[in-house]
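In what follows, a structure is listed as structure tokens, so that the remarks can point back to it.
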Amino acid sequence: METEGRVPEPALCAGGEGPGADSHLAAGALGTARGPLLAAAEVLALDDEEDDLEVFSKDASLTEVNSFSPSVPISPSSMINQYKFEDGPELRDLFITVDDPESHITAIETFITYRVVTKTTRGEFDSSEYEVRRRYQDFLWLKSKLEEAHPTLIIPPLPEKFIMRGMVERFSDEFIETRRKALHKFLNRIADHPTLTFNEDFKIFLIAQAWELSSHKKQGPGLLSRMGQTVRAVASSVRGAVKNRPEMFTEMNNYMETFSQKINLLDKIAHRIYKEERDYCNEMKEYGPIHTLWSASEEAIGDSLRGLAGCIERCCRATERRMAGLSEHLLPMLHEYVLYSEILMGVLKRRDQIQGELDSRVDALANKKTEKDLFSEEIGKLEDKVERANNALKADWDRWKQNMQWDMRSTFTNVAENNLRYYEECLATWESFLASQTVDLHVDEDSEDRP
């Protein structure tokens, strides 16, 4: 395989075709040590000509973002240290861990529950530590309650309910662990959010036993109330674009359309390259032993063949470690922001619905000759609602962009560090092999020169 960033190998090494020209957009982030830094800095400035490619925490606020200059000889670890956080870990008062998945099999369904352990020093909690078990449906309920209570705040994404793109099988160990990590991040992003962290439903989710949570769920809005909300949302969408949308939110919408397009493209290409790397590694596992078997019948070059086999095996192990880093850091981050892009488009749409409701009442007032006092009072309440929605979104937007930039930069820096280790290890492996062959050649030449 001749993908950019492949292990340096001797000419007799065979392999399949690389991603080719149509995946050079992501090759910088996956195949070179320098590319990830450039990709991080230009994540939203990718060339449009690549759009036709077909392929699948702590909350940190940045007070100062330094640009990465390729001309400055600075290590990736030092780059991370350039960032300063407004809140240190010592200021946190809510710590949540999601672990210990358990499988449950009943007559009608199979599902997984996860242990949620909460430790806190907050006065509104009756205890300093809680332990409950939650299933995926409970996390979905929490997310829907947060969206209902805070329609224009950016609620962190949950992993999808079903497996997509054939990456892993449902209920496999890999799937369960991937979901556990995503659920853990979901709860901790909420815990670190300045508003969501104090939501009452979030508190109940963390401390209530299963039967208590089930009882609390039944106290939610009834069917007619939910139908009314749906009807209003549909009516707002039918009315079309709002008349008086502030320019700021038009710019947000345009930004998110571009962001969504680019992050989806990166996500798809990254998964495709990961699959090709995995196929390449599997080929290498078969390729190396062939040299060992061959050495048994070729005594004259047996040492060279065995040396080649050892080099290929070591490079294969290095490739596996590199792939593990991609699957643990880069791929989850990219896909999380694919989900974030969908969430943000939904938030902007809900803000427009609130604005549209105000616009419709203003139009109705202009056409009414009676009941103007009643309409004026209702419009005043709607104006306050729109102002609250706008302020909430503006504050959360700035916060989200800072977090996104930090996540992108730190993840691409991690990829760069992994690439450096990978290439250094492979380079040292092949240099050692070449040195041994040079020594052997000199020994053979000396033997031939003797009378």
Side-chain angles (χ1 to χ4, degrees), residues 56-58 94-120 127 129-147 155-192 196 199 201-220 267 270-271 274-275 278 281-282 320-321 323-340 342-343:
F56 172 48
S57 121
K58 159 99 169 85
L94 187 62
F95 300 86
I96 304 171
T97 303
V98 178
D99 60 12
D100 190 26
E102 286 184 359
S103 178
H104 301 263
I105 302 176
T106 68
I108 59 175
E109 64 176 340
T110 299
F111 60 93
I112 308 295
T113 63
Y114 302 85
R115 181 175 65 175
V116 178
V117 177
T118 303
K119 297 182 180 181
T120 182
S127 177
E129 185 170 347
Y130 296 87
E131 180 178 318
V132 297
R133 297 203 71 85
R134 295 288 181 257
R135 58 184 297 185
Y136 182 76
Q137 290 180 356
D138 300 326
F139 288 85
L140 282 177
W141 169 83
L142 174 60
K143 184 172 183 291
S144 68
K145 295 298 289 184
L146 292 174
E147 289 175 345
I155 311 301
L158 276 174
E160 296 95 334
K161 183 175 179 62
F162 300 106
I163 296 300
M164 303 297 289
R165 305 186 187 280
M167 292 298 291
V168 291
E169 295 181 4
R170 193 181 183 195
F171 301 131
S172 68
D173 291 342
E174 182 182 356
F175 165 75
I176 293 172
E177 177 61 14
T178 299
R179 173 169 284 185
R180 182 200 67 78
K181 290 178 179 178
L183 297 177
H184 176 88
K185 179 175 283 189
F186 170 74
L187 291 183
N188 279 277
R189 285 197 185 276
I190 295 172
D192 291 330
L196 299 178
N199 179 273
D201 289 308
F202 179 50
K203 177 183 175 183
I204 291 172
F205 177 91
L206 296 177
I207 69 175
Q209 294 303 313
W211 66 269
E212 295 175 311
L213 182 63
S214 178
S215 176
H216 179 73
K217 288 180 181 180
K218 296 175 182 178
Q219 300 174 11
D267 180 57
H271 277 87
Y274 177 82
K275 180 180 181 299
R278 183 178 59 196
C281 191
N282 290 335
E320 288 179 327
R321 288 190 291 272
M323 289 171 59
L326 295 177
S327 64
E328 292 175 9
H329 302 288
L330 180 66
L331 299 185
M333 184 277 293
L334 290 176
H335 194 63
E336 182 183 23
Y337 279 95
V338 167
L339 300 178
Y340 257 127
E342 298 170 0
I343 288 172

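Remark: aromatic rings of His216 and Trp141 are close, center separation under 6.0 Å.
In this structure, the side chains of Leu187 and Phe139 come closer than 4.5 Å at one or more pairs of heavy atoms. Looking at Phe202 and Leu94, their side chains come closer than 4.5 Å, going by heavy atoms from C-beta outward. The closest side-chain heavy-atom distance from Glu129 to Val117 is below 4.5 Å. Between Glu102 and Asp100 the shortest side-chain heavy-atom distance falls below 4.5 Å.
Phe205 CZ to Asn199 CG: the interatomic distance, rounded to the nearest 0.5 Å, is 12.0 Å. Note that the CG atom of Leu330 and the CE atom of Met323 stand 13.0 Å from one another [nearest 0.5 Å]. Rounding to the nearest 0.5 Å places OG of Ser327 at 10.0 Å from CZ of Arg278. Between the CG atom in Leu142 and the CD atom in Glu147 there is a gap of 10.0 Å [rounded to 0.5 Å]. The OH atom of Tyr114 sits 12.0 Å away from atom CG of Asp138, with the distance rounded to the nearest 0.5 Å. Separating the OG1 atom in Thr118 from the CZ atom in Phe95 is a distance of 11.5 Å, to the nearest 0.5 Å.
The cationic group of Arg179 lies under 6.0 Å from the six-membered ring centre of Tyr136 and within 45° of the ring axis, placing it in a cation-pi geometry.
The nearest pair of heavy atoms linking Pro159 to Leu339 is CA-CD1, 4.5 Å. Closest heavy-atom contact between Glu131 and Gln209: O-NE2, 3.7 Å. Closest of all the heavy-atom pairs between Ile155 and Lys143 is CG2-CG, 4.1 Å. Looking at every heavy atom in both residues, Tyr340 comes nearest to Pro157 through CZ-CD, 3.4 Å. Shortest non-hydrogen contact noted between Arg134 and Ile204 is NH2-O, 3.8 Å. Of all the heavy atoms in Arg180 and Asp99, the pair that sits closest is CD-CA, 3.8 Å.
Listed for the His271 side chain is a donor-acceptor partner under 3.5 Å among the backbone atoms of Asp267. A donor-acceptor contact shorter than 3.5 Å is absent between the side chain of Arg115 and the backbone of Pro101. With hydrogens and angles ignored, the 3.5 Å screen pairs a side-chain donor or acceptor of Thr178 with a backbone N or O of Glu174. In this structure, Asp201 contributes its side chain and Leu146 its backbone to no donor-acceptor pair below 3.5 Å.
A salt bridge between Glu212 and Lys217 is absent, with no side-chain N of the basic residue lying under 4.0 Å from a carboxylate O of the acidic one. Taking the charged nitrogens against the carboxylate oxygens, Lys185 and Glu336 do have a contact shorter than 4.0 Å, which makes a salt bridge.
Environment of NZ in Lys203: crowded, with over 12 heavy atoms of neighbouring residues, nucleotides or ligands closer than 6.0 Å.
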- Item | side chain to side chain contact (heavy atoms under 4.5 Å, CB included) evaluation trace for Val132 with Leu206 | CA-CA 7 Å; Val132 297; Leu206 296 177; over 6 Å; no

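Side-chain polar atoms of His104 and Thr110 form no donor-acceptor pair below 3.5 angstrom. With 3.5 Å as the limit, one finds a donor-acceptor pair spanning the side chains of Thr113 and Arg133.
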